[in-house]
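Everything quoted here is computed from the prediction, not taken from an experiment. Letters A, B, ... mirror the listed sequences (proteins, then strands); counts begin at 1.
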Amino acid sequence: MFPDFEREVKDCLREGVEKVEENGDIPINPHDKIADISSTVSFKVAKRDKKDPRDVAEDILKHLIAIKERYYLIGKIDAVGPYLNFYTSKKFLSETLKKVLSEREEYGSLHYRGTILLEHTSANPDGPIHIGHIRNSIIGDSLGRILKKAGYDVEIQYYVNDMGRQVAVVAWGMERFALDQDKKIDHGISKIYAGANKLLGADAFRKEEVDSLLKRFEDGDGVTIKRFDNLVSRCLEGIRSTLDGMNISVDKFVRESQFVFNGDVNSIISSLKDERYAYYEDGALMMDLGEFGFEKDFVVTRGDGTSLYPTRDLAYHAWKSERCDRMIDILGADHKLISSQLKVILKILGYKEPEIVIFEFVSLPEGSMSTRMGKFISVDELLEKTEEQAYLEVDKRRKDLNEEEKRKISKFISIGAVRYDIVKISPDKATTFNWRDALDFEKRGSPYIQYAHTRACSILNKGGSYDEPDLDLLREEQEIKLIKKISRFPLAVKEATKDLRPNIIATYARELAEQFGQFYKDIPVLNAPNGLKNARLALVDAFRIVVNNVLQLLGIHAPKYM
RNA sequence: GGGCGCGUGGCCCAGUGGAUAAGGCGACGGCCUCCUAAGCCGUAGAUCGGGGGUUCAAAUCCCCUCGCGUCCGCCA
């Protein structure tokens with residue numbers, strides 16, 4: 001409903017401001033600090049006419065008042081100093097609730113169109129995913145859900161690096177170390193990978209063995225390919241089960257090697273060598289991207305003509321480019337340079353450019369993580385510990401529940417807590433992981449929002465069904481504030497979609513739950529007189545629907561009780 | 001050395017051109033005969049790293065500077 005109000009305010013302003021002969025953009029601010037929407041046009045007009053913006057605001061206000069009756073979602077309009085403030089009408093409030101109650105889980109959906117290929121995670125299959133990778137997965141998964149809500153047709157892809165040097169190192173290590181059968185497969189592989197790296201050290205001879213393994217793979221040697229494929233598939237199985245456990249789904253795992261074997265990489269290389277930016281150095285094909293602002297040249301092939309990861313990535317993006325309207329990649333900060341070079345080269349070749357969402361690193365108090373060194377905290381371990389902690393919290397409060405129920409609750413609380421803690425942080429903030437915060441459930445994170453949902457469910461459960469509510473009875477401050485917050489959900493979806501920032505949804509979810517908390521405290525529902533009770537039940541139901549929809553966008557379970 | 005990002009109360013963090021800088025943790029003080037206290041209310045705590053500039057208006061834009069992170073040709 002808020003977008004409709006926004007449109008009315010814009011139309012109304014345009015009409016009113018024309019009277020003072022101003023045509024350009026009409027600036028409005030939807031923030032709810034003071035009014036529901038405010039406008040700063042007065043400054044603009046005042047500057048042009050060299051007048052006091054406060055006088056201009058008064059002047060415009062007169063015109064607005066005269067026409068405002070035709071805008072049924074606008075209630076009060078006033079001018080505070082130079083600011084023109086718009087407030088929603090009573091009609092707006094009841095229309096908002098009607099819309100939520102009829103659209104249900106569709107509420108908040110927008111009408112954007114097109115297909116998007118969203119790539120996220122794409123962690124190398126050399127071990128389990130750790131708390132750095134999961135930031136990628138959570139941002140990507142949440143964004144995917146948000147973009148679907150916005151109306152896009154979204155396919156999630158995980159690009160599998162199945163022929164990189166790390167895979168060769170694991171394959172090499174497999175022959176020298178026994179796989180720990182007690183461990184989850186990706187953890188077992190990680191141990192071998194770290195062990196192999198240690199053994200390789202600076203040993204040139206051993207490194208040559210790894211190189212020749214890689215060469216045999218690229219030359220299409222059946223046995224080597226099978227070995228690589230086997231361990232990549234098994235590692236991926238482990239990664240996939242971790243992702244599943246966090247409500248993260250991937251539509252397609254795309255293997256890097258397919259672009260080498262089907263000739264795509266070679267055709268990219270031959271197109272590139274005909275470009276005027278191309279040159280050879282010691283047998284390696286290079287691209288001078290100086291005119292695009294890159295100091296360092298881009299290396300397309302090794303001296304021996306074999307391809308490098310960025311070149312194979314180019315082939316992957318060229319392939320994606322022909323299968324969608326938009327490509328979005330979620331990448332760690334270490335890919336900033338390479339991804340902007342990739343964009344430029346795709347453009348040179350005439351392909352679509354991906355939109356890149358960069359997130360900064362997650363480090364440990366003792367420094368950065370490294371799969372190669374075996375120095376990381378895995379997502380499996382994080383979930384295990386948070387679930388354990390969540391169990392203590394559940395057990396403390398719900399002695400009445402049986403073991404199975406308590407386990408079930410601890411599980412969705414811990415998944416939600418982890419997801420929320422990560423998604424709420426702006427992607428461009430580097431963070432340091434610490435156990436104290438990760439295991440703290442006494443803050444306004446996911447459990448708080450889930451709890452608001454359970455309270456609403458509990459009221460609805462006890463209140464029974466309601467019929468034909470007279471929504472105009474909802475006149476208390478906390479009722480109105482809650483409805484207004486509910487009305488802004490589509491706005492949050494729109495902003496998160498436009499900026500590709502899922503943390504906007506996380507903030508909205510918290511604000512929505514906070515508003516319900518205040519409502520809950522001040523407004524009795526079950527003990528209210530009949531008509532009012534009916535209307536309030538409808539409001540609680542509307543809140544329940546919206547908080548459920550928001551949690552859905554964050555991949556967090558909305559429980560009926562906890 | 002260069003590029004990019006970040007710097008907001010003791011700690012974490014939202015806000016990226018407009019009004020009184022939003023929350024959380026921690027601290028202090030209140031609220032359960034009443035829909036789950038995983039809650040609600042209140043108090044203390046911020047020269048938005050520092051300096052200069054643009055603007056009617058700057059945490060937000062520009063320049064300089066300091067600190068941290070990250071990247072900088074045959075790894076991925």
Open item on the list: Using the P atom as the point on both nucleotides, what is the distance between B:A22 and B:G67, in whole Å?
Closed with: 32 Å
- [ ] Give the nucleotide from the list B:A38, B:C72, B:A14 with an atom nearest to the side chain of A:Lys296.
- [x] B:C72
TODO: Let me have a per-nucleotide readout for nucleotides 40-45 of chain B, 5' to 3', with B, S or -, counting only protein heavy atoms under 4.0 Å.
DONE: SS----
Task: Nearest-neighbour nucleotide for the A:Ile338 side chain, B:A76, B:A14, B:G73 considered - done: B:A76
TODO: List the atom of A:Gly127, the atom of A:Ile189, and the distance in Å for their closest heavy-atom pair.
DONE: N-CG2, 4.2 Å
Task: Nucleotide opposite B:G45 in a Watson-Crick or G-U pair, distances under 3.5 Å - done: none
Open item on the list: Does B:G15 have OP1 or OP2 under 4.0 Å away from a side-chain N or O of A:Asn503?
Closed with: yes
TODO: For B:C48 versus B:G15, give the span between their C1' atoms, rounded off to a whole number of Å.
DONE: 11 Å
- [ ] Could you check whether A:Asn527 gets within reach of a base, just the sugar-phosphate, or nothing at all, counting any heavy atom under 4.0 Å?
- [x] sugar-phosphate
Open item on the list: Taking the C1' atom in each of B:A14 and B:G7, what is the distance between them to the nearest angstrom?
Closed with: 15 Å
Open item on the list: Categorize A:Arg312 for me: base, sugar-phosphate, or nothing, with a 4.0 angstrom heavy-atom threshold over every strand shown.
Closed with: sugar-phosphate
Open item on the list: Let's see if you can work this out: which of B:A14, B:A38, B:C71 has an atom nearest to the side-chain heavy atoms of A:Leu337?
Closed with: B:C71
Open item on the list: Which nucleotide, if any, forms a Watson-Crick or G-U wobble pair with B:C68, using both distances under 3.5 Å?
Closed with: B:G5
TODO: For atom CD of A:Glu295, decide whether the heavy atoms of other residues, nucleotides or ligands shown that lie under 6.0 angstrom number more than 12.
DONE: no
Open item on the list: When you measure only distances, ignoring hydrogens and angles, does the side chain of A:Thr454 come within 3.5 Å of the base of B:A38 through a donor and an acceptor?
Closed with: no
Open item on the list: Can you tell me how the ring of A:Phe259 sits relative to the ring of A:Tyr159, calling it parallel under 30°, perpendicular over 60° and tilted otherwise?
Closed with: tilted
TODO: Have a look at A:Phe294 and say if it touches a base, only the backbone sugar-phosphate, or nothing, with a 4.0 Å heavy-atom cut-off.
DONE: nothing
Open item on the list: Rounded to the nearest 0.5 Å, what separates atom CG in A:Leu460 from atom CG in A:Leu526?
Closed with: 9.0 Å
Open item on the list: Under 3.5 Å, is there a donor on one side chain and an acceptor on the other for A:Tyr316 and A:Gln157?
Closed with: yes
Open item on the list: Can you measure A:Glu511 atom CD to B:G23 atom C1' for me and round it to whole angstrom units?
Closed with: 9 Å
Open item on the list: Closest approach to the side chain of A:Arg436, judged atom by atom: which nucleotide of B:C25, B:A19, B:A76 is it?
Closed with: B:C25
Task: Pairing partner (Watson-Crick or G-U wobble, both distances under 3.5 angstrom) of B:G26 - done: none
Open item on the list: Would you measure the distance from the C1' atom in B:G73 across to the matching atom in B:U60 and give it in whole Å?
Closed with: 37 Å
Task: Pairwise C1' distance, B:A21 and B:U8 [rounded to whole Å] - done: 8 Å
Open item on the list: Nearest 0.5 angstrom please: A:Ile192 CD1 to A:Asn197 CG, how far?
Closed with: 12.0 Å
TODO: Would you classify A:Arg501 as touching base, sugar-phosphate or nothing, given that sugar-phosphate means primed atoms plus P, OP1 and OP2, and contacts are heavy atoms under 4.0 Å?
DONE: sugar-phosphate
Open item on the list: If I pick the C1' atom on B:G45 and the same atom on B:G24, what distance separates them, to the nearest angstrom?
Closed with: 14 Å
Task: A:Phe298 over B:G73, stacked by centroid distance under 5.5 Å, angle under 30° - done: no
Task: Which nucleotide in B:A19, B:G69, B:A37 has an atom nearest any side-chain atom of A:Tyr520 - done: B:A37
- [ ] Using a heavy-atom cut-off of under 4.0 Å over every strand shown, decide if A:Val394 touches base, sugar-phosphate, or nothing.
- [x] base
- [ ] Would you say whether A:Phe361 stacks on B:G69? The test is a distance between ring centres of less than 5.5 Å and an angle between planes of less than 30°.
- [x] no
TODO: Identify the heavy atoms of A:Pro125 and A:Val160 that sit nearest to each other, and give their distance.
DONE: CG-CG1, 4.2 Å
- [ ] Specify whether A:Phe516 and A:Tyr520 have parallel, tilted or perpendicular ring planes, treating 30° as the upper limit for parallel and 60° as the lower limit for perpendicular.
- [x] tilted
- [ ] Decide whether A:Glu405 and A:Tyr561 meet the rule of one side-chain donor and one side-chain acceptor closer than 3.5 Å.
- [x] yes
- [ ] Using the six-membered ring of A:Tyr391, assess whether NZ or CZ of A:Arg407 lies under 6.0 Å from its centre and within 45 degrees of the ring axis.
- [x] yes
- [ ] State which of B:U70, B:A37, B:A76 makes the closest approach to the side chain of A:Ala333.
- [x] B:U70
Open item on the list: At 4.0 Å (heavy atoms only), tell me whether A:Asn124 reaches a base, stays on the sugar-phosphate, or touches nothing.
Closed with: sugar-phosphate
TODO: Hunt down the Watson-Crick or G-U wobble partner of B:C13, both distances under 3.5 Å, from any strand shown, or write none.
DONE: none
TODO: Scan A:Ile523 against the nucleic acid and name what it touches under 4.0 Å (heavy atoms): base, sugar-phosphate only, or nothing.
DONE: base
Open item on the list: If I pick the C1' atom on B:U54 and the same atom on B:C64, what distance separates them, to the nearest angstrom?
Closed with: 15 Å
- [ ] Identify whether any heavy atom of A:Lys396 sits under 4.0 Å from a base atom; if not, whether one sits that close to sugar-phosphate; answer base, sugar-phosphate or nothing.
- [x] nothing
Task: NZ/NE/NH1/NH2 to OD/OE distance under 4.0 Å, A:Lys481 and A:Asp32 - done: no
Open item on the list: On RNA chain B, does the nearest nucleotide to A:Leu84 precede the nearest nucleotide to A:Pro310 from the 5' side, or the other way round? Give the residue.
Closed with: A:Leu84
- [ ] Describe the nucleic acid contact of A:Ser426 in one word from base, sugar-phosphate, nothing, applying a heavy-atom distance below 4.0 Å.
- [x] sugar-phosphate
Open item on the list: To the closest 0.5 Å, what do you measure between CD1 (A:Ile131) and CD1 (A:Ile134)?
Closed with: 10.5 Å
TODO: Give one of base, sugar-phosphate or nothing for A:Ile425, where a contact means two heavy atoms less than 4.0 Å apart.
DONE: sugar-phosphate
- [ ] Looking at every strand, decide which applies to A:Lys462 at a 4.0 Å heavy-atom threshold: base, sugar-phosphate, or nothing.
- [x] sugar-phosphate
- [ ] Answer yes when A:Arg501 and A:Asp428 have at least one side-chain N-carboxylate O distance shorter than 4.0 Å, and no when they do not.
- [x] yes
Task: G-U wobble or Watson-Crick pairing nucleotide for B:A38 (cut-off 3.5 Å, both distances) - done: none
Open item on the list: Between the base of B:A19 and the side chain of A:Asn85, is there a donor and acceptor pair under 3.5 angstrom?
Closed with: yes
Open item on the list: Once you apply a heavy-atom cut-off of 4.0 Å, does A:Ile413 come out as touching a base, just sugar-phosphate, or nothing?
Closed with: base
Task: Shortest side-chain distance from A:Asp440, nucleotide among B:G69, B:A19, B:C25 - done: B:C25
TODO: Respond yes when some side-chain nitrogen or oxygen of A:Lys424 is under 4.0 Å from OP1 or OP2 of B:C12, and no when none is.
DONE: no
Task: Complementary nucleotide for B:A19 - Watson-Crick or wobble, under 3.5 Å - done: none
- [ ] Could you tell me whether the side chains of A:Asp329 and A:His335 share a donor-acceptor contact shorter than 3.5 Å?
- [x] no
- [ ] Report yes if at least one side-chain N or O of A:Arg372 is closer than 4.0 Å to OP1 or OP2 of B:C75; otherwise report no.
- [x] no
TODO: Tell me which nucleotide among B:G7, B:A76, B:C25 gets nearest to the side chain of A:Lys429.
DONE: B:G7
TODO: For A:Asn29 and B:G15, give me the distance from atom CG to atom C1', rounded to whole Å.
DONE: 13 Å
TODO: Determine the Euclidean distance between corresponding P atoms of B:G52 and B:A59; express it in Å to zero decimal places.
DONE: 14 Å
Task: Residue A:Glu295, side-chain atoms from C-beta onward, closest of B:A76, B:C35, B:G2 - done: B:G2
Task: 5'-most by nearest nucleotide on RNA chain B - A:Val299 or A:Leu308 - done: A:Val299
Open item on the list: Any base atoms under 4.0 Å from A:Arg398, or only sugar-phosphate, or nothing? Heavy atoms, all strands.
Closed with: base
When you compare the protein's N or O atoms with those of nucleotides 57-63 of chain B, which come within less than 3.5 Å of each other, and at what distance?
none

